[in-house]
Amino acid sequence: MLNDIERVLISEEELDSIVSKLADQINHDYVGKKLLLVGLLKGCIQFMSDLSRKITLPCEFDFMVASSYGSSTETSGVVKVTKDLSIDIAGYDVLIVEDVVDSGVTLNYIINMIKDRNPASLKLCTLLDKPVRRKKEVHIDYKGYVLPDEFVVGYGMDYAEKYRNLPFIGVLKREIFS
Ligand code: IMP
Ligand code: MG
């Protein structure tokens with residue numbers, strides 16, 4: 001599996017410091033709030049796991065599964081929600097936890113869907129942002145790292161469902177895509 005990686009883009013140590021900075025901001029902003037972390041599966045798992053352990057405030061977890069992706073690296077533009085939230089989020093301060101905002105198609109759809117359910121507040125925290133790829137506007141409240149137009153794997157992110165267990169974020173060798 002490591003043989004498939006062209007280079008490491010964000011090391012474990014760098015991820016730890018990026019995630020710590022995000023948690024510091026969240027710990028500052030959510031004092032006295034009814035914080036609900038909403039993770040977008042499956043990509044969020046490593047990030048949400050590490051981020052939430054650095055959050056020192058009371059919070060609850062919920063998850064959604066939504067995608068605009070097949071097994072390829074390009075969005076299809078159509079969003080499917082295959083697992084919805086399990087609680088009524090009215091009155092909660094919802095913080096969406098996402099691995100990467102790419103075209104913005106998925107998040108744009110999810111944000112509008114969650115807004116309609118009357119949360120007390122709604123914000124977005126993403127580990128990675130690929131602004132050059134944006135097709136739909138998305139407001140990001142907490143952002144870990146800005147990426148160029150590159151497809152990355154590891155730390156929850158996959159290519160054809162593989163590489164999610166890598167502890168760092170890396171770029172795949174070109175031959176893997178072909
Ligand atoms: P969007 O709707 O195009 O913004 O797609 C967002 C989703 O596509 C992310 O939550 C990821 O699951 C996936 N995605 C986008 N870019 C990458 C990448 O570089 N590597 C792995 N997954 C990605
Ligand atoms: Mg995702």
Side-chain angles (χ1 to χ4, degrees), residues 1-23 25-26 37-55 61-86 95-111 124-136 138 140-178:
M1 183 174 64
L2 285 173
N3 283 339
D4 299 349
I5 303 298
E6 171 89 39
R7 65 179 198 284
V8 175
L9 202 66
I10 314 178
S11 68
E12 277 189 79
E13 293 74 21
E14 287 169 308
L15 281 166
D16 188 67
S17 99
I18 290 167
V19 175
S20 292
K21 279 188 198 137
L22 292 171
Q25 296 172 46
I26 293 164
L37 301 178
V38 168
L40 301 187
L41 293 170
K42 303 169 193 169
C44 76
I45 63 151
Q46 317 283 15
F47 176 44
M48 183 155 154
S49 172
D50 287 343
L51 180 74
S52 62
R53 280 178 290 177
K54 292 177 192 286
I55 292 175
F61 286 16
D62 207 351
F63 297 95
M64 276 181 104
V65 181
S67 80
S68 58
Y69 267 70
S71 288
S72 73
T73 61
E74 289 291 324
T75 180
S76 66
V78 178
V79 180
K80 271 190 306 189
V81 173
T82 52
K83 187 224 167 283
D84 202 344
L85 297 173
S86 59
L95 181 59
I96 299 173
V97 180
E98 170 68 314
D99 50 0
V100 48
V101 182
D102 187 54
S103 72
V105 170
T106 313
L107 257 302
N108 184 277
Y109 183 90
I110 297 299
I111 286 169
L124 169 62
C125 175
T126 186
L127 178 63
L128 306 177
D129 181 21
K130 285 199 239 174
V132 294
R133 302 254 311 163
R134 206 71 91 247
K135 289 186 190 146
K136 289 266 190 183
V138 171
I140 301 173
D141 298 281
Y142 305 97
K143 174 190 304 188
Y145 187 97
V146 177
L147 275 185
D149 184 4
E150 228 160 359
F151 193 82
V152 295
V153 294
Y155 200 63
M157 287 170 289
D158 72 308
Y159 173 67
E161 293 301 326
K162 285 193 279 187
Y163 311 107
R164 294 190 196 275
N165 57 325
L166 290 175
F168 56 82
I169 292 174
V171 178
L172 278 182
K173 285 181 182 161
R174 203 168 290 251
E175 62 255 36
I176 306 296
F177 292 100
S178 46

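Small disclaimer: the values here were computed from a predicted structure and weren't measured.
Each of T126, I140, V138 was evaluated against L107; a single residue qualifies, V138, per the side-chain contact (heavy atoms from CB on, under 4.5 Å) test. Of the candidates L128, L147, I5, L128 is the only one forming a side-chain contact (heavy atoms from CB on, under 4.5 Å) with I169.
Atom-to-atom distance recorded for I18:CD1 and L51:CG is 12.0 Å, nearest 0.5 angstrom. Atoms CD1 and CZ, from I176 and F151 in turn, are 12.5 Å apart once rounded to the nearest 0.5 Å. Separating the OG atom in S49 from the NZ atom in K54 is a distance of 10.5 Å, to the nearest 0.5 Å. Between E175 atom CD and E6 atom CD the span is 7.5 Å, to the nearest 0.5 Å. With rounding to the nearest 0.5 angstrom, the CD1 atom of I110 is 11.0 Å from the CG atom of L124. Within the model, atoms CG of D16 and NZ of K21 stand 11.0 Å from one another, a figure rounded to the nearest 0.5 Å.
Remark: side-chain polar atoms of R7 are not paired, donor with acceptor, to backbone N or O of G170 under 3.5 angstrom. Not one N or O on the side chain of K135 forms a donor-acceptor pair closer than 3.5 Å with the backbone of V105. A donor-acceptor distance shorter than 3.5 angstrom exists from the side chain of D62 to the backbone of S86, with no hydrogens or angles considered. With Q46 contributing its side chain and P167 its backbone, the two residues share no donor-acceptor pair below 3.5 Å. At distances below 3.5 Å, not a single donor-acceptor pair connects side-chain atoms of D141 with backbone N or O atoms of C125. With K173 contributing its side chain and N3 its backbone, the two residues share a donor-acceptor pair below 3.5 Å.
Residues D4 and Y159 have side chains that never bring a donor and an acceptor to within less than 3.5 angstrom of each other.
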Inset, instruction - Step by step, work out the side chain to side chain contact (heavy atoms under 4.5 Å, CB included) result for L2 and L166. - result: CA-CA 8 Å; L2 285 173; L166 290 175; 3.9 Å; yes
Inset, instruction - Go through V152 and I10 one step at a time and tell me if the side chain to side chain contact (heavy atoms under 4.5 Å, CB included) criterion holds. - result: CA-CA 10 Å; V152 295; I10 314 178; over 6 Å; no
Inset, instruction - Give the intermediate values and the outcome of side chain to side chain contact (heavy atoms under 4.5 Å, CB included) for residues D129 and R134. - result: CA-CA 9 Å; D129 181 21; R134 206 71 91 247; 2.5 Å; yes
Legend entry - Worked verdict on F47 versus L22 for side chain to side chain contact (heavy atoms under 4.5 Å, CB included): CA-CA 11 Å; F47 176 44; L22 292 171; 3.7 Å; yes
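Looking at heavy atoms from C-beta onward, M48 lies in side-chain contact with F63 at the 4.5 angstrom threshold. Using a 4.5 Å cut-off on side-chain heavy atoms (C-beta onward), L40 and D99 make no contact.
When all heavy atoms are compared, the tightest approach of Y155 to V19 is OH-CG2, 3.7 Å.
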